[in-house]
Amino acid sequence: ERAAEEQAAILRSLLAGNADTVFGREHGFAAIRGPADYAKALPPRGYGDFLPYIRRIRDGREAILTREPVRLFEPTSGTGAATKFIPYTAGLRAQYGRAARAWLGDLYESVPAIRRGRHWWSVSPSERARPDFPTAVPVGFDDDADYLGGIGRILEGSMAVPSSIKAAKDSEEFFELLAYYLLSAGDLSLAAVWNPSYFGIAFGECIARAESACLRMRARSGGAARRG
């Protein structure tokens, strides 16, 4: 019962905050009084239904879907359809950060050993999606630490895989680097991959490149020994 009250209060806050937007006016946000009204006014819809609004946002127009400015588009990493570009605001990123703090707090308390090792976080797409359209809004977070907000900055020191691998010239180089860093992390204690399909793909790609990753590790360790 308490959860339902909290959800209804959050819904009212979101509707009030975004009533004076193009989308809010078109769908009568100001007249919606609760979850039942909302369900009637806004039936489920797909990404394609939002494309006219997203196109206006990418042209630099404001107050289209949200009163809060859109900071960037984050490309999805789905495997079964074309890439989708999701508008991100500072508020949305803060919400992800709060959710991550609650999840990690519970995880660290339940499994304390996780805190003693490094983590592999794969939250946003592995390779920067390049839109095939002009846009006034930036595309993509620089790394997963930015995606998670303030908690991401705290976690940076425990990352087993640096964000710099996203600058790889192609998927071949990306997965070879990923395999190298994961195999090099003897203290890896957490793999947080937020796309189950991608986890399977990445695991298979890393296994296929394990030998070349081991050769890279041997070359790096040999060079370090010669310098010593």
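Counting from 1, the numbers follow the sequence of the chain as shown.
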* Take Arg67 and Glu62, measure what salt bridge (Lys or Arg N to Asp or Glu O under 4.0 Å) needs, and give me the verdict at the end. => CA-CA 7 Å; Arg67 284 297 306 172; Glu62 298 183 351; over 6 Å; no
* **Residue pair Thr21, Ile64: steps toward the side-chain contact (heavy atoms from CB on, under 4.5 Å) verdict** => CA-CA 5 Å; Thr21 62; Ile64 302 300; over 6 Å; no
* For Ile114 and Tyr108, run side-chain contact (heavy atoms from CB on, under 4.5 Å): C-alpha distance rounded to whole Å, both residues' side-chain angles, the deciding distance at 0.1 Å, then the answer. => CA-CA 6 Å; Ile114 289 176; Tyr108 284 172; 3.6 Å; yes
* To do: Under the side-chain contact (heavy atoms from CB on, under 4.5 Å) rule, what do Val193 and Trp121 come out as? Steps first, then yes or no, please.
  => CA-CA 6 Å; Val193 182; Trp121 285 81; over 6 Å; no
* To do: Please lay out, stage by stage, how Glu68 and Tyr88 fare under the test side chain to side chain donor-acceptor pair (under 3.5 Å).
  => CA-CA 10 Å; Glu68 198 175 10; Tyr88 260 71; over 6 Å; no
* Decide yes or no on side-chain contact (heavy atoms from CB on, under 4.5 Å) for Val161 and His119, but give the supporting numbers first. => CA-CA 8 Å; Val161 179; His119 304 163; over 6 Å; no
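Remark: Arg12 CZ to Ile32 CD1 distance equals 13.0 Å, nearest 0.5 Å. Distance check: Arg56 CZ to Leu65 CG gives 8.5 Å after rounding to the nearest 0.5 Å. The distance from atom CZ of Phe174 to atom CZ of Arg209, rounded to the nearest 0.5 Å, is 10.5 Å. Atoms CG and CD, on Leu183 and Glu211 in that order, are 12.0 Å from each other to the nearest 0.5 Å. Rounded to the nearest 0.5 Å, atoms CZ (Phe199) and CH2 (Trp120) are 6.0 Å apart. Rounding to the nearest 0.5 Å gives a distance of 10.0 Å between OG of Ser158 and CG of Asp187.
Proximity of a side-chain donor or acceptor of Asn18 to a complementary backbone N or O of Leu14 within less than 3.5 Å is detected. Panel note: side chain Arg58, backbone Ile54; no donor-acceptor pair is recorded below 3.5 Å. Checking side-chain atoms of Glu173 against main-chain N and O of Lys169 turns up a donor-acceptor pair under 3.5 Å. The closest donor-acceptor contact from the side chain of Asp37 to the backbone of Arg33 lies under 3.5 Å. Within the 3.5 Å criterion, the main-chain N or O of Phe85 finds a donor-acceptor partner in the side chain of Tyr47. Using a distance-only test at 3.5 Å, with no hydrogens or angles considered, a donor-acceptor pair links the side chain of Ser184 to the main chain of Tyr180. Between the side chain of Asp170 and the backbone N or O of Glu172, at least one donor-acceptor pair lies under 3.5 Å.
The shortest heavy-atom contact between Val139 and Pro75 is CG1-CD, 4.1 Å. Pro69 and Thr89 make their closest contact through O-CG2, 3.5 Å (heavy atoms, listed as atom of the first residue, atom of the second, distance). For the pair Ala160 and Pro162, the tightest heavy-atom approach, listed with the atom from each and the gap, is O-CD, 3.9 Å. The minimum heavy-atom distance linking Ala113 with Ser189 is given by the pair O-CB, 4.4 Å.
Heavy atoms of other residues, nucleotides or ligands lying less than 6.0 angstrom from CD of Glu109 number 12 at most. Other residues, nucleotides and ligands contribute at most 12 non-hydrogen atoms within 6.0 Å of the CZ atom of Phe203.
Each of Leu215 and Ile207 belongs to its own hydrophobic cluster when Ile, Leu, Val, Met, Phe, Trp and Tyr are linked at side-chain heavy-atom distances under 4.5 angstrom.
Residues Pro87 and Phe73 are in side-chain contact: their nearest non-hydrogen atoms beyond the backbone lie under 4.5 Å apart.
Side chain to side chain, Glu176 and Tyr181 fail the donor-acceptor criterion of an N or O pair below 3.5 Å.
Phe23 and Phe29 have perpendicular rings, their planes meeting at more than 60° on a 0 to 90° scale where under 30° would count as parallel.
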